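Working notes for the structure below.
Chain identifiers are assigned alphabetically (A, B, ...) following the order of the sequence lines, protein sequences preceding nucleic acid strands; residue numbering begins at 1 within each chain. On a predicted model such as this, the values are computed, not experimentally measured, just so you know.
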Number of protein chains: 2
Amino acid sequence: MNSEFTVAVHSLVFLAYLPEHMASSETIARNVSTNPTRIRKIMSFLREQGFVKTKEGVGGGYMLNCDPQKVTLAQIYRAMACGALKPNWNSGDPGQDCLVASNMQSVMDHIFREAEVQYRRCLEQTTICDVLEQVKHCQS
Amino acid sequence: MNSEFTVAVHSLVFLAYLPEHMASSETIARNVSTNPTRIRKIMSFLREQGFVKTKEGVGGGYMLNCDPQKVTLAQIYRAMACGALKPNWNSGDPGQDCLVASNMQSVMDHIFREAEVQYRRCLEQTTICDVLEQVKHCQS
DNA sequence: TTAAACTGTATGCATTAACATAACAGTATT
DNA sequence: AATACTGTTATGTTAATGCATACAGTTTAA
C-alpha cells in the first residue's frame, strides 16, 4: 500500500486539531512532512469525496467539511486506498491446464477481498477524533 | 505487500494437490508462473519454518512437511509477510513541536498493527486444504 | 487593475522495491 | 564422473512511489 491513506488521515486530523479547522497546502505539507503538490492532489480527492472544502485565492486553503467524530478511518480508507492490500502480481495462469495453476488467481483474489473486509472493519472502530485524542495523549 | 505470501500459498497448495506431494523448483515455478530461483528462495524459507522438507541431488525437490488440513493462511502470512500491510513511508516527524506532527507516526503504527491483526484473523479461517478445494471446485 | 497568495493539474526526475536472469558451489543419485 | 537437483549471491530490468518544477486559474486586496 502506498501512503496516501496515511497522508489523508494525518491531514484531516491536523485540520480537526486547528482552531479554525483550516490550513493551506504548504502548512499541511510541513506538518505531514511532504510536499505541497502531494497534499493538493490528495486534498482535491478528499474534496470530491466531501471530506473537505477548498477555498482558492489569497487566504484560501482547505477546511474540514465533515464531523470528525463521525468520520471513520474505514471511510477514508475506502476513498483513498481500496484494494491496495492485494499484491499486484498474480500467481498462476488461467491459460494452463492444471486446475491449481488456472484457478489459483481467482481463489486468491477472493481471499484477499475477504481479508480486506476484516481490515476495514477494524478501521471502522476509529474516528478522526479518536486519532486526534490518541495523538494528544500519546506518551512519547 | 509483495507477492511472496501468494507464491508460498500457491506452492503449498500445489504440493498438497500432487499425489506424491513433491516437486522440483522448476515444476513449481512453471505452475506458479515465475522463475525457479524465486521458488527456491521462498521454499528455503518455508523449510526453515517447517512447512516443507527439501531433498537435494538428483530426483530431489520440495515436499510437504505439514498437515495441509491444519496449516492456515495466517500461519503462512505470519512467516512470509508479517508487517507488510503497513506503508513504509511515515507521515509527520517526531522532531516537530506540533503534537499532531510529532505523534502521528506512532499512533498510525498502532492503528496499522491492530488492523493487521484483524486481517490475519480472517486468514485463520482458511487452511491449505480449503484453498485446494476451492481451486478444484472453482467454476471458471 | 495589478500584485500576491492561493488551488488544480501536468510532467519529468530520482529513488526504491519487486521480479527476472544468470552463474556457480554444494549435494545426492546413477 | 555425469547428471539433476538445491542454496545462494550478484546483477539487470521494470514498475511503483514520492519529489520538484512549472504554469494556468481563482480570489483577495492595495
Original post:
Hey, are Ser3(A) and Arg38(A) close enough side-chain-wise for a donor-acceptor pair under 3.5 Å?
Top reply: yes
Original post:
Listed in order of residue number, which residues of residues 33-50 of chain A have a non-hydrogen atom at under 4.0 Å from DNA chain C?
Top reply: Thr37(A), Arg40(A), Ser44(A), Arg47(A)
Subject >> Donor-acceptor under 3.5 Å (His21(B) side chain, Leu15(B) main chain) >> reply: yes
Original post:
For Val71(B), which of Ile76(B), Thr127(B), Leu64(B) qualifies under side-chain contact (heavy atoms from CB on, under 4.5 Å)?
Top reply: Ile76(B)
**OP:** Between Lys55(A) and Gly61(B), name the one whose nearest nucleotide on DNA chain D is closer to the 5' end.
**Re:** Gly61(B)
Original post:
Looking only at atom types and distance, does a side-chain atom of Asn65(B) sit under 3.5 Å from a main-chain N or O of Lys53(B), one as donor and one as acceptor?
Top reply: no
Original post:
Starting at the 5' end of DNA chain D and moving along, which residue's nearest nucleotide shows up first, Glu56(A) or Ser3(A)?
Top reply: Ser3(A)
**OP:** Say whether Met22(B) and Leu18(B) are linked into one hydrophobic cluster, either directly or through other cluster members, by side-chain heavy-atom distances under 4.5 angstrom.
**Re:** no
Subject >> Test side-chain contact (heavy atoms from CB on, under 4.5 Å) applied to Val7(A) and Leu12(A), Asn2(A), Ile39(A), the passing residue >> reply: Ile39(A)
Subject >> Boundaries of the chain B footprint along DNA chain C (any atom under 4.0 Å from a heavy atom) >> reply: dA18(C) to dT29(C)
**OP:** Mind listing the residues from residues 16-28 of chain A sitting with a heavy atom below 4.0 Å of DNA chain D? Number order is fine.
**Re:** none
Original post:
Just wondering, do Phe14(A) and Leu132(A) contact through their side chains at under 4.5 Å, heavy atoms?
Top reply: no
**OP:** Answer yes if the side chains of Gln75(A) and Arg78(A) hold a donor-acceptor pair under 3.5 Å, and no otherwise.
**Re:** no
Original post:
Is Arg120(B) salt-bridged to Glu124(B), cutoff N-O under 4.0 Å?
Top reply: no
Original post:
Would you say the side-chain atoms of Glu114(A) and Tyr119(B) include a donor-acceptor pair closer than 3.5 Å?
Top reply: no
